[in-house]
Amino acid sequence: MTIYDALILGTLEGLTEFLPISSTGHLILASKLLGLEQTDAHKAFEVSIQLGSILAVLFLFAQKLLVDKTLWIKVGLAFLPTAIFGFLFYKTIKALFGDETVVIMLIIGGIVFLVVEYFRRDSDDSKAKGIEDLSYKESLFIGLFQSFSMVPGTSRSGMTMLGGIFAGLKRRSAAEFSFLLAIPTMVIATTYDLYKNRATMVVDDYGLVAIGFVTAFIVALITVKWMMNFLTKHTFIGFGIYRIVVGLAFWYYMI
């Protein structure tokens, strides 16, 4: 891997981590385009730079988390299903990582978003709930949706946003809760992955990880702010169409 590759993957991570289009899927497909093999060391790199994106969320939502202590309980409950399933089925989940799985899940996820938005076309999003109105039971419900995102290409943010919508949240609030839920989910998942792959990392890798990490942090800051503003006036239809187009394109050219 070169510095150029690290910059591209860091940018892609920061851009896609909090959009409902699957960051893992995009990193896998981009790595293939760049000619980078999905070795254990490369997977450890991809996992490491995710922490840059998480740091961006902590930076942006630190005050909100400090003011509203109930948010920690809601986020903690929502994290439980993923924690349990991830621990029990870690090896099975890792075995799913591959081009075919990513492409299929990108397309299926895109179709789901279009269907959901079609049935919500007459609803008034401004009258939906905010995070402060979310119950603990509904938080756990959103967490169940997030657990499906362990399949690569599904999108963690996409599934939690869908869960939030089904729980009655505004689109913007669903996205915000998804960002907050990413903190424990990704920090713990990343730490566990790095521990499992610690033997594959060599000294030369850390400089590239640092470049990817910083790049992901800066791009994620911009992306999260943009996403929050975007969802005040727009739906998820564009993301659904994007997922289908990208999935079909990669299916044609790479599989």
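Glu46 and Ser23 share no side-chain donor-acceptor pair at under 3.5 Å. With hydrogens and angles left out, the side-chain atoms of Ser178 and Thr160 include a donor and acceptor closer than 3.5 Å.
Looking at heavy atoms from C-beta onward, Leu114 lies out of side-chain contact with Phe236 at the 4.5 angstrom threshold. In this structure, Met161 and Phe145 have side chains that are not in contact, with every pair of non-hydrogen atoms separated by 4.5 Å or more. A heavy-atom distance below 4.5 Å is found between the side chains of Ile3 and Leu208. Residues Phe45 and Leu9 are in side-chain contact: their nearest non-hydrogen atoms beyond the backbone lie under 4.5 Å apart. Residues Ile107 and Val103 have side chains in contact (heavy-atom distance under 4.5 Å, counting atoms from C-beta outward).
A single hydrophobic cluster is seen to contain both Ile104 and Leu248, as judged by linkage of ILVMFWY side chains at heavy-atom distances under 4.5 Å, directly or through other members. A chain of hydrophobic side-chain contacts below 4.5 Å, direct or via other Ile, Leu, Val, Met, Phe, Trp or Tyr residues, connects Ile84 to Ile183. No chain of hydrophobic side-chain contacts below 4.5 Å, direct or via other Ile, Leu, Val, Met, Phe, Trp or Tyr residues, connects Val67 to Phe61.
Gln146 pairs with exactly one of Leu181, Leu162, Leu80, Thr154 by the side chain to side chain contact (heavy atoms under 4.5 Å, CB included) rule, that one being Leu181.
With values rounded to the nearest 0.5 angstrom, Ile28 atom CD1 is found 12.5 Å from Leu33 atom CG. Of the inter-residue distances, the one linking Leu7 atom CG with Leu12 atom CG reads 12.5 Å to the nearest 0.5 angstrom.
Side-chain N or O atoms of Thr235 include one that pairs as donor or acceptor with a backbone N or O of Ile237 at under 3.5 Å. Within the 3.5 Å criterion, the main-chain N or O of Thr2 finds a donor-acceptor partner in the side chain of Asp5. With Glu17 contributing its side chain and Gly14 its backbone, the two residues share no donor-acceptor pair below 3.5 Å. Checking side-chain atoms of Arg121 against main-chain N and O of Tyr118 turns up a donor-acceptor pair under 3.5 Å. Arg120 places no side-chain N or O within donor-acceptor distance of the main-chain N or O of Asp125, the cut-off being under 3.5 Å. For Arg243 (side chain) and Met105 (main-chain N/O), a donor-acceptor pair under 3.5 Å exists by modelled atom type.
Taking the six-membered ring for Trp and the full ring otherwise, the centers of Phe239 and Phe230 sit less than 6.0 Å from each other.
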Item to check | From CA spacing to verdict: salt bridge (Lys or Arg N to Asp or Glu O under 4.0 Å), Glu37, Lys32 | outcome: CA-CA 7 Å; Glu37 295 183 16; Lys32 185 166 184 176; over 6 Å; no

Next on the checklist: ring-ring contact (aromatic ring centres under 6.0 Å, His included), that's the test. Do Phe217 and Phe213 meet it? Break it down for me.
Outcome noted: CA-CA 6 Å; Phe217 171 77; Phe213 181 96; 7.4 Å; no

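The two atoms that bring Phe113 and Gly240 nearest to each other are CB-CA, 4.0 Å, heavy atoms only. Of all heavy-atom pairs between Val246 and His26, the closest is CG1-NE2, 4.5 Å. Pairing each heavy atom of Ile211 with each of Thr215, the nearest pair is O-OG1, 2.7 Å.
Within a 6.0 Å radius of CZ in Phe148, no more than 12 heavy atoms belonging to other residues, nucleotides or ligands are found.
Val219 belongs to a hydrophobic cluster whose remaining members, ordered by chain and number, are Leu15; membership requires side-chain heavy atoms of ILVMFWY residues under 4.5 Å apart, directly or through intermediates.
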Return all side-chain donor-acceptor pairs below 3.5 angstrom for residues 71-78, not counting sequence neighbours, or 'none' if the list is empty.
residue, atom, partner, partner atom, Å
Trp72, NE1, Leu65, O, 3.3
Lys74, NZ, Ile131, O, 3.0
Lys74, NZ, Leu134, O, 3.0

Mind listing the side-chain donor-acceptor pairs of residues 164-173 below 3.5 Å, one per line with the distance, residues two or more places apart or on another chain?
residue, atom, partner, partner atom, Å
Arg171, NE, Glu117, OE2, 3.0
Arg171, NH2, Glu117, OE1, 2.8
Arg172, NH1, Met228, O, 2.8

